[in-house]
Amino acid sequence: MRNIVLFGPPGAGKGTQSALLVDHFGFVHLSTGDIFRANIKGATELGQLAKSYMDQGKLVPDDVTIRMLEDSANAHPDASGFIFDGFPRTTAQAVALDAFLDEKGQAISGMLALEVPEEELKARLAKRAETSGRADDADPAVIQNRIDVYNAETAPVADHYRGQDKYAGIVGTGTIEDIFGRLKTAIEGLS
Ligand code: ADP
């Protein structure tokens, strides 16, 4: 059983590549951003809370996010492996995820980090805004805030997995197929 953290800044391609990895490896895909957006759409209390942070490009508080992620993972007791997308986004979330998996006799197999230059991220997000309907893609000030929050709070999560010898940087530019090929090779190399 492999459990993967797919890591990278906003616009790095985590959602696109996750879909391909699910098809190929049969992972259960857990995207905290997707789960929050589904809650917003369903007008739940959690959705209302999450929206107030997401629209500003801020992180949703750890306690809420961690509980939601654990509930979502527990809803798939027969999963043969998870791909975590957009989680963990803080070191506290990474520590919680490790403890959660450890209780089940499992662990993260590897963190695969998509590396994309900031200028390209901004261009991709601006383009995605044309079709995504996401308020947080439409405003350049919010995009900048998401990138700043990533650099300040999320990038350090890489050190957490580097410390466990589980970090692999993946070139996140080129065609979707090229990037998928790099991820596939990296995952096949994980035990
Ligand atoms: P992107 O990676 O393009 O920014 P996501 O869909 O992963 O998009 O996340 C959208 C927003 O959802 C984030 O900007 C943040 O407000 C919230 N969010 C998603 N995942 C987390 C998380 N693990 N912790 C806190 N907030 C999160």
Side-chain angles (χ1 to χ4, degrees), residues 3-19 21-22 29-42 44-73 82-101 108 111-158 160-161 170 172-173 176 179 183:
N3 295 305
I4 306 296
V5 174
L6 188 58
F7 194 67
K14 301 185 294 291
T16 304
Q17 294 297 332
S18 288
L21 293 169
V22 165
H29 175 222
L30 291 184
S31 157
T32 40
D34 286 353
I35 303 170
F36 285 136
R37 280 185 289 277
N39 274 277
I40 292 172
K41 218 171 159 194
T44 67
E45 213 172 299
L46 172 64
Q48 203 175 7
L49 174 88
K51 187 173 171 12
S52 64
Y53 293 92
M54 291 167 77
D55 282 354
Q56 299 177 63
K58 292 183 181 164
L59 295 184
V60 180
D62 279 340
D63 55 347
V64 179
T65 304
I66 290 166
R67 205 173 330 123
M68 180 188 80
L69 187 281
E70 294 185 353
D71 288 348
S72 303
F82 287 100
I83 181 158
F84 297 101
D85 161 4
F87 186 94
R89 244 178 166 96
T90 63
T91 300
Q93 291 179 14
V95 170
L97 179 60
D98 284 356
F100 173 74
L101 291 174
I108 290 299
M111 165 184 269
L112 306 181
L114 292 170
E115 295 165 348
V116 180
E118 191 167 313
E119 285 319 304
E120 176 149 351
L121 295 175
K122 288 181 186 163
R124 287 184 188 181
L125 290 169
K127 189 155 180 7
R128 186 168 77 183
E130 293 167 12
T131 53
S132 70
R134 281 177 53 170
D136 61 344
D137 285 344
D139 181 342
V142 174
I143 289 179
Q144 187 62 54
N145 202 30
R146 285 157 65 199
I147 292 174
D148 291 347
V149 167
Y150 175 83
N151 288 330
E153 296 183 54
T154 302
V157 177
H160 179 86
Y161 291 101
I170 305 288
T173 49
I176 289 173
I179 300 162
L183 288 168

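Counting convention: from 1, in listed order, for ligands and their atoms alike.
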Can you tell me the protein heavy atom closest to [atom] and the distance?
| atom | result |
| --- | --- |
| atom 10 (C) of ligand 1 | Arg134 NH2, 3.6 Å |
| atom 17 (C) of ligand 1 | Met54 CG, 3.7 Å |
| atom 24 (N) of ligand 1 | Gln93 NE2, 2.9 Å |
| atom 27 (C) of ligand 1 | Phe36 CE1, 3.7 Å |
| atom 16 (O) of ligand 1 | Lys58 O, 2.6 Å |
| atom 21 (C) of ligand 1 | Arg89 CD, 3.4 Å |
| atom 20 (N) of ligand 1 | Thr32 OG1, 2.7 Å |

Any side-chain donor near an acceptor of the partner, Asp98 and His160, under 3.5 Å
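Asp98 vs His160: donor-acceptor pair found between side chains.
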With only distance considered, is [X] within less than 3.5 Å of ligand 1 through an N or O on each side?
| X | value |
| --- | --- |
| Asp34 | no |
| Gly86 | yes |
| Val60 | yes |
| Lys14 | yes |

Is a donor on one side and an acceptor on the other found under 3.5 Å between the side chain of [X] and the backbone of [Y]?
| X | Y | answer |
| --- | --- | --- |
| Lys14 | Pro9 | yes |
| Gln93 | Arg89 | yes |
| Asn145 | Gln56 | yes |

Report yes if some heavy atom in the side chain of Pro88 is under 4.5 Å from a heavy atom in the side chain of Tyr161; otherwise report no.
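With C-beta onward as the side chain, the pair touches.
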For Leu59 and Tyr53, work out which heavy atoms get closest and say how close.
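Scanning both residues completely, I find the closest heavy atoms to be O-CD2, 3.4 Å.
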Enumerated ligand 1 atoms positioned under 4.0 Å from heavy atoms of Thr65
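Listed by number with element: 22 (C), 23 (N), 24 (N), 25 (C).
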Which ligand 1 atoms, with their elements, are less than 4.0 angstrom from a heavy-atom of Arg146?
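So the answer, numbered in order with elements, is 1 (P), 3 (O), 4 (O).
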Of the side chain and backbone of Glu153, name the one, both, or neither that has a heavy atom under 4.0 Å from an atom of ligand 1.
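No part of Glu153 comes within reach of ligand 1.
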If you measure from each non-hydrogen atom of Arg128 to ligand 1, which part falls under 4.0 Å: side chain, backbone, both or neither?
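The side chain, only.
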What residue pairs, at least two apart or across chains, pass salt bridge (Lys or Arg N to Asp or Glu O under 4.0 Å) with a residue in residues 140-152?
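Applying salt bridge (Lys or Arg N to Asp or Glu O under 4.0 Å) to every pair that reaches into residues 140-152, excluding sequence neighbours, yields Asp136-Arg146, Asp137-Arg146.
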How long is the gap from CG on Leu114 to CZ on Phe7, to the nearest 0.5 Å?
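Result: 10.5 Å between the selected atoms.
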Who are the side chain to side chain contact (heavy atoms under 4.5 Å, CB included) partners of Lys122, not counting sequence neighbours?
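Expected list: Glu118, Glu119, Ile143, Gln144, Ile147.
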Exceeds 12 heavy-atom contacts within 6.0 angstrom, atom CD of Gln48
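Count not over threshold, so no.
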